[in-house]
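Remember, predicted model here, so these are calculated numbers, not experimental data. The chains referred to below are lettered A, B, ... by the order of the sequence lines, with proteins before strands, and numbering in each begins at 1.
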There are 2 protein chains.
Amino acid sequence: MRTDLCEVLGVEHPIVGFSPSEHVVAAISRAGGLGVLGCVRFNDADELDAVLTWLDQNTGGRPYGVDVVMPGHEPTEGAVTDLTRLIPSGHRDFVEQTLLRLGVPPLEAASSRPGVLGWLHSVARSHVEVALRHPVRLIANALGPPPADVIAQAHSRGLLVAALAGRADHARSHVAGGVDIVVAQGYEAGGHTGEIGGMVLIPEIVDAVDVPVLAAGGIGSGRQIAAALALGARGVWMGSVWLGTSEYRSSPGLREALLRATSSDTVRSRIYSGKPARLLRNRWTEAWAAEDAPAALPMPLQNLLVSEAHDRLMASDDPTVVPMPVGQIVGRMNEVRPVAEVLTDLVTEADETLSKIQKLL
Amino acid sequence: MRTDLCEVLGVEHPIVGFSPSEHVVAAISRAGGLGVLGCVRFNDADELDAVLTWLDQNTGGRPYGVDVVMPGHEPTEGAVTDLTRLIPSGHRDFVEQTLLRLGVPPLEAASSRPGVLGWLHSVARSHVEVALRHPVRLIANALGPPPADVIAQAHSRGLLVAALAGRADHARSHVAGGVDIVVAQGYEAGGHTGEIGGMVLIPEIVDAVDVPVLAAGGIGSGRQIAAALALGARGVWMGSVWLGTSEYRSSPGLREALLRATSSDTVRSRIYSGKPARLLRNRWTEAWAAEDAPAALPMPLQNLLVSEAHDRLMASDDPTVVPMPVGQIVGRMNEVRPVAEVLTDLVTEADETLSKIQKLL
């Protein structure tokens with residue numbers, strides 16, 4: 001299975017793999033896909049620089065990309081200390097009482113991270129600046145259109161720019177702004193996601209724009225890749241599936257939670273970042289869905305509010321509370337395998353499917 | 001494009017078309033698909049009998065099916081007068097005040113219909129009894145597993161039994177109960193629908209059961225049919241798309257609302273029947289989504305509550321309030337065409353897609 005996007009990206013298979021883990025990203029690129037590193041976790045640009053240097057040495061000379069998060073509407077900017085003053089005390093009390101009720105112990109040492117700041121434009125811009133110093137093939141923006149100067153800078157260095165879209169009108173405005181590749185991301189997807197299912201959204205975006213489209217949301221098998229190609233996509237963008245690979249350094253509790261979740265065990269909620277994102281459904285998300293729970297705060301305040309709670313929930317390693325963005329495909333993530341094996345199976349099954357369905361003609 | 005389901009159903013194309021309109025159903029069957037008549041609107045079994053007699057004379061000898069609604073958990077049974085006593089007066093007040101606020105005039109004559117009773121098991125059973133007196137090829141159940149005696153009766157007359165499923169475990173229990181065909185219906189679908197997107201749900205159900213699967217939810221083009229086949233379905237089940245055909249006798253206001261809606265203009269809500277169903281999003285659904293709105297009542301009380309309101313909203317023919325179950329594919333329903341033309345295009349595009357994607361091998 002090859003599409004014109006293979007040439008454009010310089011890869012063997014039209015499979016783009018997103019992961020916050022550089023180990024996963026390197027393995028995807030080495031296996032013939034395009035690994036894309038999620039940068040939102042890097043509050044410190046130097047730390048990202050070091051990780052990209054590691055990637056430069058570990059992708060076997062194959063291309064890779066980065067994913068930054070610049071929301072279309074810039075959220076409130078400011079230093080962490082100023083921003084935290086905007087958080088209502090009732091919200092803080094709810095978080096503390098919920099953690100107590102769920103039996104989540106305090107951290108042994110104070111949390112060293114102030115929360116995810118990568119969705120502040122100022123921080124995302126520092127990610128772009130660092131990325132431009134490395135041989136990155138593609139910059140993707142996960143929320144809204146990338147700013148014009150970022151696109152211009154990327155293009156002047158020969159990079160491709162991709163942007164995620166959950167609606168056809170968003171895709172059209174991305175392309176009008178100069179985006180080279182649109183990622184049509186359906187409701188099924190993990191993390192920030194819209195309300196239109198992939199079956200409807202993918203062909204709608206394919207018809208709305210004149211650039212190549214990657215299909216995203218719920219994709220974890222070669223049959224689904226073949227379906228995405230039938231819908232007019234030129235490749236796929238996959239994220240959740242890599243959380244189940246051996247390269248993703250997961251704690252035992254998180255791994256157990258991912259392995260046992262069914263496709264019904266996710267929920268789309270604003271509690272992670274302030275914008276709707278699909279998460280593992282568990283006792284933590286259910287607490288926020290209760291009638292007495294406060295409404296989530298806007299981005300970036302909500303993540304600052306829950307940041308230490310996220311650290312505590314993760315440190316507890318209790319599979320019934322781990323806070324985790326993941327798509328509905330989690331129901332099919334039932335064994336831990338190396339990235340290369342997953343990728344080979346995807347390609348084999350896609351080829352078999354393409355070959356099989358032509359017999360229905 | 002042919003699958004083994006064509007033989008089983010006795011049709012030319014593996015396209016099953018659901019509609020509450022006998023005119024649409026007859027046209028689908030005549031054009032080589034399997035038309036399936038939605039029976040829930042028939043409170044009076046004799047009326048259904050007359051319509052099936054008309055179908056017997058108007059499908060050109062081609063097979064057709066019926067769709068009844070028997071919820072897995074039987075809703076409260078009872079005569080309409082007893083059931084209406086269970087409706088809180090606060091709910092009645094909300095409906096009346098909302099209609100006033102939306103500028104919806106009262107009916108000129110008192111409403112003659114007591115609301116949809118077709119989802120009472122007693123009424124659905126009367127539909128089955130009538131259907132068994134006609135040369136029906138397939139009985140589908142739209143909510144939950146059909147009762148064992150209904151399946152046995154259908155099988156003894158040589159009929160096929162289908163059931164809709166929004167989760168793999170539901171599909172498994174349908175098949176364990178004797179169902180012959182599972183309709184895997186994704187979140188994108190109009191009317192009663194689950195939370196799992198088709199891209200994830202369809203292959204999950206295909207792998208979960210050993211009977212043929214029809215893909216449903218958001219399907220309105222040949223590319224989507226090819227995608228459904230790639231996902232392992234043996235055919236498709238389409239509903240919303242026929243609302244945009246010339247055979248569907250739509251009022252001007254409803255037609256305008258359907259033609260101008262985008263894929264973002266639907267909402268999944270319990271306000272139509274008491275169970276989650278996807279509807280056109282408009283001023284009526286938004287009123288129920290407001291903070292001060294009451295929660296929807298359980299099935300069948302909610303529809304009894306809003307039944308006269310539905311008649312008033314429809315009679316107003318105001319495109320901003322018409323109460324209408326429809327899927328996200330409504331965004332692609334942009335011109336009114338005859339059923340036969342729609343069906344021919346579906347088949348042609350599916351064939352072209354199957355032929356095109358094999359070149360990616």
Side-chain angles (χ1 to χ4, degrees), chain A residues 1-4 14 166-169 186-189 194-204 206-207 215-234 262-264 266-268 327-332 350-361, chain B residues 1-4 14 166-169 186-189 194-204 206-207 215-234 262-264 266-268 327-332 350-361:
Chain A
M1 161 196 53
R2 281 186 72 84
T3 72
D4 51 359
R167 287 170 39 171
D169 54 342
Y187 163 86
E188 299 89 335
E195 293 189 90
I196 307 173
M199 184 63 92
V200 171
L201 183 73
I202 298 162
E204 198 173 10
V206 164
D207 289 350
I219 297 179
S221 71
R223 279 175 290 173
Q224 292 169 305
I225 296 176
L229 297 176
L231 295 174
R234 312 278 261 281
T262 74
S263 54
S264 297
T266 71
V267 61
R268 188 172 168 271
Q328 293 184 331
I329 196 63
V330 69
R332 304 309 289 268
D351 281 345
E352 282 170 3
T353 305
L354 293 175
S355 162
K356 198 157 72 181
I357 61 173
Q358 76 183 67
K359 294 183 189 129
L360 302 175
L361 266 173
Chain B
M1 162 195 56
R2 281 186 71 84
T3 72
D4 51 358
R167 288 169 38 169
D169 54 341
Y187 164 86
E188 299 90 335
E195 293 189 271
I196 307 174
M199 184 63 92
V200 171
L201 183 73
I202 298 162
E204 197 172 11
V206 164
D207 289 350
I219 297 178
S221 70
R223 282 174 289 172
Q224 292 169 304
I225 296 177
L229 298 176
L231 295 174
R234 312 280 260 281
T262 74
S263 55
S264 297
T266 70
V267 61
R268 188 171 168 271
Q328 293 183 332
I329 196 64
V330 71
R332 302 311 287 271
D351 281 345
E352 282 170 3
T353 305
L354 293 175
S355 162
K356 197 157 75 180
I357 62 173
Q358 76 183 64
K359 293 180 189 133
L360 302 175
L361 265 174

Worked check of side chain to side chain contact (heavy atoms under 4.5 Å, CB included) between B:Lys359 and A:Arg2: CA-CA 9 Å; B:Lys359 293 180 189 133; A:Arg2 281 186 72 84; over 6 Å; no
Check: A:Met1 and B:Leu361 side chains under 4.5 Å, non-hydrogen atoms: no
Side chains of B:Leu354 and A:Gln358 in contact at under 4.5 Å (non-hydrogen atoms): no
Heavy-atom pair count under 4.5 Å with chain A, highest-scoring of B:Gly222, B:Pro14, B:Ala230, B:Gly331: B:Ala230
Choice from B:Gly220, B:Pro203, B:Gly218 maximising heavy atom contacts with chain A below 4.5 Å: B:Pro203
Under 3.5 Å: donor-acceptor pair, side chain of B:Gln328, backbone of A:Gly197: yes
Per-residue contact mode, B:Ser355 against chain A (heavy atom under 4.5 angstrom): both
Shortest non-hydrogen separation from A:Met199 to B:Gly217 and the atoms involved: CG-O, 3.9 Å
Heavy-atom closest contact (B:Val206 atom, A:Arg223 atom, distance): CG1-NH1, 4.3 Å
Contact class of [X] relative to chain B, heavy atoms under 4.5 angstrom:
X: A:Ser264; value: both
X: A:Asp207; value: side chain
X: A:Thr262; value: neither

Choice from A:Thr353, A:Ile329, A:Ile357 maximising heavy atom contacts with chain B below 4.5 Å: A:Ile357
Residue among A:Leu201, A:Leu229, A:Thr3, A:Ile202 with most heavy-atom pairs under 4.5 Å to chain B: A:Leu229
Distance, nearest 0.5 Å, that separates OG of A:Ser263 from CZ of B:Arg167: 8.0 Å
